[in-house]
Amino acid sequence: MTAAPPGSPEGLAPHADPHPARHPDDVRAAELDRAHVFHSWSAQGALAPFVLAGGSGSEVWDHAGRRYLDFSSQLVNTNIGHGHPAVVQAIQMQADLLPTVAPATANLTRGLAARAVVAHAPAGMHKIFFTNGGADANENAIRLARQHTGRDKVVSLYRSYHGNTGAAVVATGDWRRVPNEYARGHVHAFGPYLYRSDFWATTPEEECERALRHLERVIQCEGPASVAAVLLETVVGTGGVLVPPDGYLAGVRALCDRYGVLLILDEVMSGFGRTGAWLALDHWGVRPDLVTFAKGVNSGYVPAGGVLISDAVAATFDDRVFPGGLTYSGHPLAMAAVVATIETMEREHVVENAARIGADVLGPGLAALADRHPVIGEVRGLGVFWALELVADRATREPLPPALVARVKSEMMARDLLPFLADNRIHVVPPCVVTDDEVARALAVYDEALTVIEGEL
C-alpha cells in the first residue's frame, strides 16, 4: 500500500460516508467535486471527499447540520477559528472599498498589514515581500538568499515540507520531492528527532550535538562558498511536529554565521499562535535572516503569505532590482484579513490562550492518554501543535500499519471529530481559540478511537 500523503486530509485515508442518508446539497457538492475537481496529492479514482458547508470557531458542519469538532484546523491554518466576525467584516468592508489593486501601487491596507506583521517580528526586520501563500513565500526566500549571497545551494532537512512550487518542493524532504526534482542546487540533511534518532543518540543533548555536527559536515562537504542558505521549519510540521531540542536553532545560527550562510526559518505552519507564541522562533530567541509565513497570519480566509526580510538582506536591493513579483502580492482583501486577524488575536489574547491550553490542558491530557494506551509511542508538541506517534509495539517502535491508522480516522469521524493524520501520527492541531471543554471532548474521542483499534492489534 502506498503511503498516504501527509498534509492532505482528502488523500490520507479515504473514508466511508459516516451517514448514508445525506442532505441533497451534500450529494450535489460531492457529485460536482467528483465530476470537475482535481485534488492535490491524490489518486483521483477512489476519492470520496468530506463535504463541508460552514463553520464557526472550532466547529464545522455539513449541509444536513451535522457538526464536527475541527481538530485539523483544516490544513493547520484556521488559527483564529472559522468565521470570526471581525475578520469577515474586514474583508467585506475592503471589498466595498477596493477589491483589488496592482502590487506596484501603495495601498493603505497593505501598509497596515505589513506594520502589523513586523510588530511581531524579530528585531532588525522591517520589510515584507507579500506572497499568495507559504510555498511561494519559501520560493522567494530562496531567491532572496541566492541573490544576496551570490551562492546557489540551499540545505534543508529530509523531514520537512516547504510547498509545491518549483524550488520549494525540492527543498521539501519528504516523498513529495521525488517526482518533482526539477530545480537545482538543493541538498538535504537529517535534523533532530530523538524518538527515531539517526544519530544513535539517547538524550536530547546528544541528539542536538550530533545533528549539528552532521549539518556542519554537510555544509563543509558541499563547499561552504556554494551554500546560500539553510532552510528549516522552526518546528517541523507535517513531518511530525518535531520540536527542536534546546540549543539546536542557536547552533544552526552559529554555523550559518561561521560559513557566511543565511538562515531561513519557515514559520508557515508554526507561526501566529500555533505554538503558543507569535512566532515559534520566539521560544528560542533565534535571529534568522529571512522568515516565511502564511496560514495563521489570517487563518486562510483569503490566501496570503510573505517573507520577513532582515534589514541587511533588504539593503541589497536598494540599488539592485529584485527579480521577482506576483500579480496578487499584497492583495487588499488578504491584507484586510491580516490586519483584522492580528488585531483580534491581540485584543482577545488568542496567542496566550494557545499557550495556556497547551501547557495546562492539551499537553497533560495527551500525556494521560499515552499512559492508558500502549499504541501511543510518543507525545510531543507545544501550544496547540501536538502529535501522537502511533506504534504497533512500544518496544520496537514499529509504526502502526496504514490500515489501522485509517481505522483510527474513521472511528474519530464517526464520533464527530475532524482529525489530521499523517503517516502513523495523529496531529492534534485545533484552532488557537479552542476551549477547555472542546479539548475535553476531543480527548474523549481520541480515547475511544484508540481503544477500538487496540482491540485489533
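Note that these values count all heavy atoms, side chains included, but never hydrogens, waters or copies made by symmetry.
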For this session: Determine, stepwise, if the pair Arg441 / Asp436 fulfils salt bridge (Lys or Arg N to Asp or Glu O under 4.0 Å).
Result: CA-CA 9 Å; Arg441 286 168 53 197; Asp436 295 35; over 6 Å; no
Exercise. How about Gln44 and His39: does a side-chain donor come under 3.5 Å of a side-chain acceptor?
Worked result: no
Problem set entry | Short side-chain to backbone donor-acceptor contact, Tyr301 and Thr341, under 3.5 Å | no
Exercise. So, Asp26 side chain and Pro24 main chain: donor-acceptor pair closer than 3.5 Å or not?
Worked result: no
Seminar exercise, completed: side chain to side chain donor-acceptor pair (under 3.5 Å) with Glu389: of Arg425, Arg196, Arg397, only one passes, and it is Arg196
Exercise. So Leu362 and Leu366, side-chain contact (heavy atoms from CB on, under 4.5 Å) or not? Walk me through it.
Worked result: CA-CA 6 Å; Leu362 192 52; Leu366 294 174; 4.0 Å; yes
Seminar exercise, completed: Nearest heavy-atom contact between Met412 and Ala449 is CG-CB, 3.7 Å
Problem set entry | Heavy-atom donor-acceptor pair, Arg67 side chain to Trp61 backbone, under 3.5 Å | no
Exercise. Between Glu233 and Ser160, do the side chains contain an N or O donor and an N or O acceptor separated by less than 3.5 Å?
Worked result: no
For this session: Could you tell me whether the side chain of Asn298 and the main chain of Val302 form a donor-acceptor pair under 3.5 Å?
Result: yes
Exercise. Looking at side-chain heavy atoms only, is the closest gap between Val76 and Phe420 below 4.5 Å?
Worked result: yes
Exercise. Any salt bridge between Arg415 and Glu411, counting N to O under 4.0 Å?
Worked result: yes
Exercise. Would you say the side-chain atoms of Arg110 pair up with the backbone N or O of Gly330, donor to acceptor, closer than 3.5 Å?
Worked result: yes
Problem set entry | Closest non-hydrogen atom pair, Val291 against Met125 | CG2-CE, 3.8 Å
For this session: Say whether Ser73 and Arg274, considering side chains only, have a donor N or O and an acceptor N or O under 3.5 Å apart.
Result: yes
For this session: Would you check if Leu326 and Asp136 make a side-chain contact, meaning some heavy-atom pair closer than 4.5 Å?
Result: yes
Seminar exercise, completed: Heavy-atom nearest pair, Ala171 first then Ser156, reads O-OG, 2.6 Å
Problem set entry | Polar contact flag, side-chain donor to acceptor under 3.5 angstrom, Glu348-His84 | yes
Exercise. Are side-chain N/O atoms of Glu207 and Thr203 paired as donor and acceptor at under 3.5 Å?
Worked result: no
Exercise. Should the pair Arg380 and Trp386 be classed as cation-pi, given the thresholds of under 6.0 Å to the six-membered ring centre and 45° from the axis?
Worked result: no
Problem set entry | Within-4.5 Å side-chain heavy-atom neighbours: Val37 and Leu32 | no
For this session: I would like to know whether Glu346 and Trp278 meet side-chain contact (heavy atoms from CB on, under 4.5 Å); could you show each step before the answer?
Result: CA-CA 10 Å; Glu346 292 169 343; Trp278 279 98; 3.6 Å; yes
Exercise. For the residue pair Ala168 and Asn138, what are the closest heavy atoms and their distance?
Worked result: CB-CB, 4.2 Å
Exercise. Are Ser58 and Leu69 close enough, and set up right, to give a side-chain contact (heavy atoms from CB on, under 4.5 Å), and what steps lead you there?
Worked result: CA-CA 6 Å; Ser58 297; Leu69 192 56; 4.1 Å; yes
For this session: Determine yes or no for a side-chain-to-main-chain donor-acceptor pair under 3.5 angstrom, with His373 supplying the side chain and Val375 the backbone.
Result: no
Exercise. For the residue pair Gly57 and Pro431, what are the closest heavy atoms and their distance?
Worked result: O-CG, 4.1 Å
Problem set entry | Thr435 side-chain N/O to Glu438 backbone N/O, donor-acceptor pair under 3.5 Å | yes
Problem set entry | Distance in Å, Leu390 CG paired with Leu450 CG, rounded so as to fall on 0.5 Å steps | 6.0 Å
Exercise. Is there side-chain contact between Leu242 and Val235, with at least one heavy-atom pair below 4.5 Å?
Worked result: no
Exercise. Is there a ring pair (Phe, Tyr, Trp, His ring centres under 6.0 Å) between Phe50 and Tyr68 once you walk through the steps?
Worked result: CA-CA 11 Å; Phe50 181 63; Tyr68 294 81; 4.8 Å; yes
Exercise. Do Asn164 and Arg176 have a side chain donor and acceptor closer than 3.5 Å?
Worked result: no
For this session: Compare all side-chain heavy atoms of Val307 with those of Lys127 and state whether any distance is below 4.5 angstrom.
Result: no
Problem set entry | Salt-bridge criterion met for Asp447 and Arg372 (N-O under 4.0 Å) | yes
For this session: Name the orientation class of the two ring planes belonging to Phe199 and His214 (parallel below 30°, tilted from 30 to 60°, perpendicular beyond 60°).
Result: tilted
Exercise. Do Leu404 and Leu457 come close enough that some side-chain heavy atom pair is under 4.5 Å?
Worked result: yes
Exercise. With side chains defined as the heavy atoms from C-beta onward, is the minimum distance between Asp198 and Arg159 less than 4.5 Å?
Worked result: yes
Exercise. What are the two closest non-hydrogen atoms of Leu249 and Pro244, and how far apart are they?
Worked result: CD1-CG, 4.0 Å
For this session: Can you establish whether the number of heavy atoms outside Glu352 located under 6.0 Å from its atom CD is more than 12?
Result: yes
For this session: Would you confirm whether His126, through its side chain, and Leu308, through its main-chain N or O, come within 3.5 Å as a donor-acceptor pair?
Result: no
Exercise. How about Arg28: does its CZ atom have over 12 heavy atoms from other parts shown lying under 6.0 Å from it?
Worked result: no
For this session: Output yes when a side-chain donor or acceptor of Gln89 lies under 3.5 Å from a complementary backbone atom of Pro85, and no otherwise.
Result: no
For this session: Would you mind checking if Arg66 and Asp416 are paired as a salt bridge, meaning a charged N to carboxylate O distance below 4.0 Å?
Result: yes
Problem set entry | Backbone N/O of Leu98 and side chain of Gln94: donor-acceptor pair under 3.5 Å | yes
For this session: Determine, stepwise, if the pair Gln74 / Asp70 fulfils side chain to side chain donor-acceptor pair (under 3.5 Å).
Result: CA-CA 7 Å; Gln74 296 304 288; Asp70 185 3; 2.8 Å; yes
Exercise. More than 12 heavy atoms of other residues, nucleotides or ligands under 6.0 Å from OH of Tyr193: is that the case?
Worked result: yes
For this session: May I have the step-by-step check of side-chain contact (heavy atoms from CB on, under 4.5 Å) for Thr292 and Leu265, ending in yes or no?
Result: CA-CA 6 Å; Thr292 60; Leu265 290 183; over 6 Å; no
For this session: For the residue pair Glu59 and His82, establish whether any side-chain heavy-atom pair is separated by less than 4.5 Å.
Result: no
